[in-house]
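Notes follow once the structure below has been shown.
Below, all heavy atoms of this structure are taken into account, side chains as well, without hydrogens, waters or symmetry copies. Convention: sequence-line order gives letters A, B, ...; per-chain numbering from 1. Note that the structure is predicted; figures quoted are calculated from it, not measured.
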Amino acid sequence: MSSTLQLFKQTFRRDLTLAFRRKSELVNPLIFFLIVASLFPIGVSPEPNFLSQLAPGLVWVAALLATLLSMETLFKSDYEDGSLEQLLLSPQPVFLVVLSKVLAHWLLSGLALTLVAPLLGVMLFLPSEGMPGLMLSLLLGTPTLSLIGAIGAALTVGLRRGGVLISLLVLPLYIPVLIFGSSAVQAAVTGLPLDGYLALLGAMLALALALAPIAAGAALRISVSG
Amino acid sequence: MSSTLQLFKQTFRRDLTLAFRRKSELVNPLIFFLIVASLFPIGVSPEPNFLSQLAPGLVWVAALLATLLSMETLFKSDYEDGSLEQLLLSPQPVFLVVLSKVLAHWLLSGLALTLVAPLLGVMLFLPSEGMPGLMLSLLLGTPTLSLIGAIGAALTVGLRRGGVLISLLVLPLYIPVLIFGSSAVQAAVTGLPLDGYLALLGAMLALALALAPIAAGAALRISVSG
Amino acid sequence: MAFETFADFLNMGGHGLYVWLSYGLGLLTIALCLYLPIIQGRETRRSLRRRIQRESVKS
Amino acid sequence: MASSWLPRWFYQLASPRWCYSITGKLIPWFAAIGGLLFVIGLVWGLAFAPSDYQQGNSFRIIYLHVPTAILAQSFYMLMAIAGAIGLIWKMKVADMVAKSVAPLGAALAVLALATGAIWGKPTWGSWWVWDARLTSMLVLLFLYLGVMALNSAIESETTAAKSTAVLALVGLVNIPIIKYSVEWWNTLHQPATFKITEKPAMPAEMWMPLLVMVIALYLVFGLAMMLRLRNEILTRERRAGWVKELLGS
Amino acid sequence: MAQALLTAQSLFCERDDRILFDQLQLTVSEGEIWQVEGRNGSGKTTLLSILCGLSSHYEGELYWRGEPMDEVREQFLSELLYIGHQTGVSAMLTAEENLHWQCALHPSLDASRAQQALESVGLKGFEDVPAHQLSAGQKRRIALAKLYMSRAKLWILDEPFTAIDKIGVAAKEALMVEHIRAGGSVIMTTHQDLSAEIPLHTINVEHFASSQREWS
Amino acid sequence: MAQALLTAQSLFCERDDRILFDQLQLTVSEGEIWQVEGRNGSGKTTLLSILCGLSSHYEGELYWRGEPMDEVREQFLSELLYIGHQTGVSAMLTAEENLHWQCALHPSLDASRAQQALESVGLKGFEDVPAHQLSAGQKRRIALAKLYMSRAKLWILDEPFTAIDKIGVAAKEALMVEHIRAGGSVIMTTHQDLSAEIPLHTINVEHFASSQREWS
Ligand code: HEM
Ligand SMILES: Nc1ncnc2c1ncn2[C@@H]1O[C@H](COP(=O)(O)OP(=O)(O)OP(=O)(O)O)[C@@H](O)[C@H]1O
Ligand SMILES: Nc1ncnc2c1ncn2[C@@H]1O[C@H](COP(=O)(O)OP(=O)(O)OP(=O)(O)O)[C@@H](O)[C@H]1O
Ligand SMILES: [Mg+2]
Ligand SMILES: [Mg+2]
C-alpha cells in the first residue's frame, strides 16, 4: 500500500517538475484565459452593460476552453517517449497515476484559473456580488473538467494528429458543467441562492472522481496496445 | 524556376494528403468552430435578441480560436520526424514551402470556416443581411490569421510543450483582424457600407502575405539550429 | 504648495486612496526593478567567483 | 560580419567588455540625476502642482501614469530595434539589451495599466473600460509577455535571443496597425482636454513636473536596464578572460 | 532442470493480411538468453510486445511459470523489466528524475542503487542535465541504467544496443551474463553480433512466417 | 590529387560549459569515406550538424571546394545529402510519398529512380503502406533509399545503420564504395564495425576535446 502512495506522490511531483521546468507551461492556461476573455469586448462590444450580461457565461466558457487546450498535453509526451508503455507494464494500478497527473494538471490550470477569475470579472464588469459564486463554482467545476478531459486525452493519445479531436470528444461532456457553473454565477449575480448549483457541481465532481481515472486508465491501455 | 514551382505544388499536395489521411484533422477545425459557437447559447443566454447582438463578434472570435488551435500542428510533426531539417538543407527557398503549407492549411481551416459560417449565423440569429459581410470578411481575414499563426508556429516548434505558448504569441497580433472583421459584419448587419473594412482586411492580407512567409522561414531556421 | 495642511495633502480632496495607491504601487515596482537586478548581480558574481576558484584549483 | 561603413563606436558597443565598463561608468550618473529628478518631480507633482478644476487631486496620478505609458511604448521600440541589430549584425550586446529590456517594459506596461485603472475609478466610475488607449496598452503588455514567455521557454541563449528578436520585430510591424485599429474601433476616450497634443490647455505648472517625471523615469529605468545588462554580460561572457580577471581578484 | 519462466504456445500474429508468424513456440527458462532474430519487418518487436502484454494483436497462449498469463499478470509484471524502442525517458527530466519515477512505477527496481547505476552507464556528471540535452546514446543509457538496478527475473530488451558505443555494449553484455548466472533470463533483439562468450539461444521469427493456417 | 570538397578549420564547440572539441581540422576530399569516431556524448552528431550547416553553435571556418561556406551555401546544399538521427520520414505518408517530397526538396535526388530505390532497400510491396505501420528498420530504410537516388557529391550520414539488419548494412556499405569510386565522398558515424574492405579515414572527436583556448 505504501508503495502505491509513493507512486502517487512521485507522479505528482514529476508532473509538477515537468511543468515548472517550462515556466511558460505554468502561466499559459492563465494567460490564455485572460486573452480569450479580452477578445470578447474587442470582437463583440465594449459596452459595460452588455458585457456584464455576458460575463458569467463567458468566464465559464473561457475556463472550459483553457482547460481543454492544456488537456491535450496531459499524456502526449508520455506516449511519445514510451513512458506510457512503462506505466502499463507496472504492477501498480494505472488509475492512480492518472489521478495524480490530473491533480497536478488541475493545480496549474483549474485552480490557477479560479484564482484569477475575479480579475476577469472586473474586466467584464461582472457585478461584485457575483464574485463568490464565480470562484466557488469554478473551484468545484474545473476539477471535473480536468477529469473528463483526461479521458479524452487518453483516448486520443495514440493518434498522430489528434489535436482538435479531443475537443470534439470532450466538449459535449463538458456541457452539464458549463450549464450549472454559469447558472451558479448568474444566480449569485441576481442574489438567488446558489447552494443547489454548487451541490450539483459537487455531485458531478464526486462522480467524475470515481469514474474518470478508471475510464482514462482503460483508455490508455487501449491506446497503447492498438 | 520550374523546380521551385514544383516544390510549391508538391508541398501543397503533401500537406493535403497528410490532412486527408487523418480524416479527423480535416473536419476538426470546423466542428470546433461549431461547438464553440454553440457553447454560448448554452453558457450565456438562449435569447434570440441577445444572441443576434453577440453573433458578429462571436463568429469571428470562434474563427480566430479555431484557426489558432489548428495552427500548432503546422510544423510540429515535420519538426519531430526531421522533415524540417531536410527542408532547411534544401537549396530551394524556405519561404516558398512555408507559403505552400499555409495555403494548404488555410484551405482546410479558413476557407472551410468561411463556408460553414452562414450555418453559424443562422444558429445565432444573425440577421440575413449580415451574411455576405460575414463571408467576405472571413474570406479576406482568415488567410491573414493563418499567415500570422505560421510565424508563431515556427517560433515555438522547437519547444517541447509549446502548446499554449503559441496562443500567447499570436493572439495579440490577431486583434486588428478581429476588429475589422467583426466591424465589417456589424456594418453589414446595420446596412452601412463595408468596402472600407474589406479594403483594410485586404491590405493586411497583402502585408502578411509579403512578410509572414519570410519571417516564418527565418524563425524555422532559428528553431531548428537551436 | 497646493495644500493647506498635511492632512489635506494625505486626503487629496477625497481621492487620497487612489493617488496614494497608485504612487505606492509605482514606487514599489520601481524599487523592485532596481533591487532585483542588484541582488541577482550579487548572486551571479558570487557563483561565478566560486566557479573560477574551482577551476583554478582543478588545473 | 558587418561591413565597414558603420561608425567605430558601433563596433565598440559590440564588445561586451567595453559595454560592461562604459555602463559601469554611466550608472552613478544615471542614479544621481535620475534620483534627483524623480524626487523633484514627485514632490512637485504631488504637493505643488495646482489641482485640476474638474478632477480635483486625482489627476495627480498623471505624473506616474503618463511617463510609464510613454516608457512602456518606447521600451518596446528599443527592444525590437536591439533585437534587429542582434539578428542582422550578430551583435551579442544587442541581444542582451533586448533581453534586459523586456521585463522592464512589461513592468512599465503593468504600471501604466494599474495607475490608469486606479485613476479610472474616481473619474469614470469603473476600474476598466474598453477604450482604445487602454486596449492597445493591454495588447502591448501581451506582446511583452509573449516575448518573455518565448525567451524563457528556449534554453539556448543565442536561439532564444534570435527567436525573440523575430517576434519583437513582427510585433513592431503590428503595433501601428494595432494602435490604429483599436483607436478607430473605439474612441470613447476621455475628453481630449488632457491630451498632450493639446498642451496649451494644460498650464505650465501642470506639465512641467510631468516633463521632469518623464525624464526621471527614463533615467531610472535606463539605470535598471543597465544593471540587468551587466548581469547578462557577466553570465554570458563567464568564460572570457576579462571576466575572470575582473572577478578573480 | 531450470524452471520455465515464460512459455508461448502456438502464437499467431497477422498484420495487414500478412502473417508475421504462426504456431510460434517459445519457452524461456531460468538462466537463458534468447535472441530473437529476423530481418527488418519480420516481427521481432511485435513478438516482444506480445510477450510482455503490451499488444493484443495475437492469438495463442502465454504462460508465466506455468500458469496462464491472465491469471498471474500482476505477478508477471512485478518480475518483468522491459525496455522498448521508445525507452520511457522523459526529455525534460534529468537522468535522476527519470530513474526515480521508474522506481516508483516498478517496485522491482532498487531505488537505492540509482546513483551507482548512473555511474556505471557513464552518466556521472550528467545526473542533473535534462535528457533532451544529452546525445542519442546518452539518452538510451538512462534507460539502460535500469538494468543495473533491476531485481526482475525476466528482461525483455528490444534493440538495447541502439546508439550505444562499443564499450557500452561490452558492459551490457557482461551484465546480462551476470543476470543469467543469478537465475534470471533475457529475451532480446539486436542486429549486431554479440560477443562469442555469451551462451545464446536463438529463435528466428521468419521460420514461423509461412503458414498454411486453417481459417475457422 | 583529388580535390578537397569540405574543409573545416579550427572548429570549436561548447555545450553547457563543456568543450566538445577545439581546433578541430578536417579536410574531406573526393573519393574519401570519413568515419567520425567517439564515445556516446563525445560530439559526433554535433560535428555533423555543424558541418552541414544545421547548427550555429560553433566558432571556426568552413569551406566548400575552397570557398567560404557563407558565400557558396546554395551550391553546397545542392551537392549535399544528409540523413540524421531523425530521418525526415513522415509517419503518415507512404514510402513513395515520402520520397516524392524529398525529391522536390532536393533536386540532386533523381525522382525517376524512386521505384527502383525502394526495391533495392527491400520495401517492394510496402510502397503504399503509411510509414507508421512499418517496423523501425523499415522506416529507416525509406530514408536510406535516398542513397540510391542521390547525385549529390557529399553524403553526411549520422548512424545510418541504426535498426538495419545485416544484409541491409552490407548493401549500404557496397553502395558507399561505389559512390566514392565515382568521385563522391562520405562523412558518417556509426558504432558498428564496418567491413574491412572499405577504405576508411577516421577522425576521433575526443582527441580534440581538451583545449587551451584563449578567451577574448
Ligand atoms: C487602465 C487604464 C488606462 C490606460 C491603460 C491608459 C493608457 C494610456 C496611454 C497608453 C497613454 C498615452 C501616453 C503617450 O504615449 O503619450 C495615456 C495617456 C494619458 N492618459 Fe491614460 N490610460 C488609462 C486610464 C486613464 C484615465 C482613467 C485617465 C484620466 C481620466 C487617463 C488620462 C490620461 C492622460 C491625461 C494622458 C496624457 C495625455 C496624452 O498623452 O494624450 N488615462 N494613457
Ligand atoms: N541541445 C543540447 N543542449 C545542450 N547540450 C547538448 C545538446 N545536444 C547535445 N548536447 C551535448 O553535447 C554533447 C555531444 O552530443 P552529440 O549528440 O554530438 O554526441 P554524439 O557523439 O553524437 O553521441 P552519440 O554517440 O550518443 O550519438 C553531449 O554530451 C550533450 O550533453
Ligand atoms: N501499427 C502497425 N500497424 C500495422 N502493421 C504494423 C504495425 N506495426 C508493425 N506492423 C507490421 O508488422 C511487421 C513487423 O514489424 P516489427 O516492428 O515487429 O518488425 P521488427 O522485426 O521489429 O523489425 P525491425 O528489425 O525493423 O525492428 C512490419 O512489417 C510492419 O509492416
Ligand atoms: Mg523492431
Ligand atoms: Mg549522435
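In this structure, A:R13 places its CZ atom where only 12 or fewer heavy-atom neighbours from other residues, nucleotides or ligands lie under 6.0 Å away.
When heavy atoms are compared at a cutoff of 4.5 Å, A:L51 approaches chain D solely by way of its side chain, counted from C-beta outward. Residue A:P41 touches chain D through both its backbone and its side chain, counting heavy-atom pairs closer than 4.5 Å.
Side chain of D:W130 to main chain of A:M123: a donor-acceptor pair is present (N/O by atom type, distance under 3.5 Å, no hydrogens or angles).
Considering every non-hydrogen atom in both D:W127 and A:V122, the closest pair reads CB-CG1, 4.1 Å.
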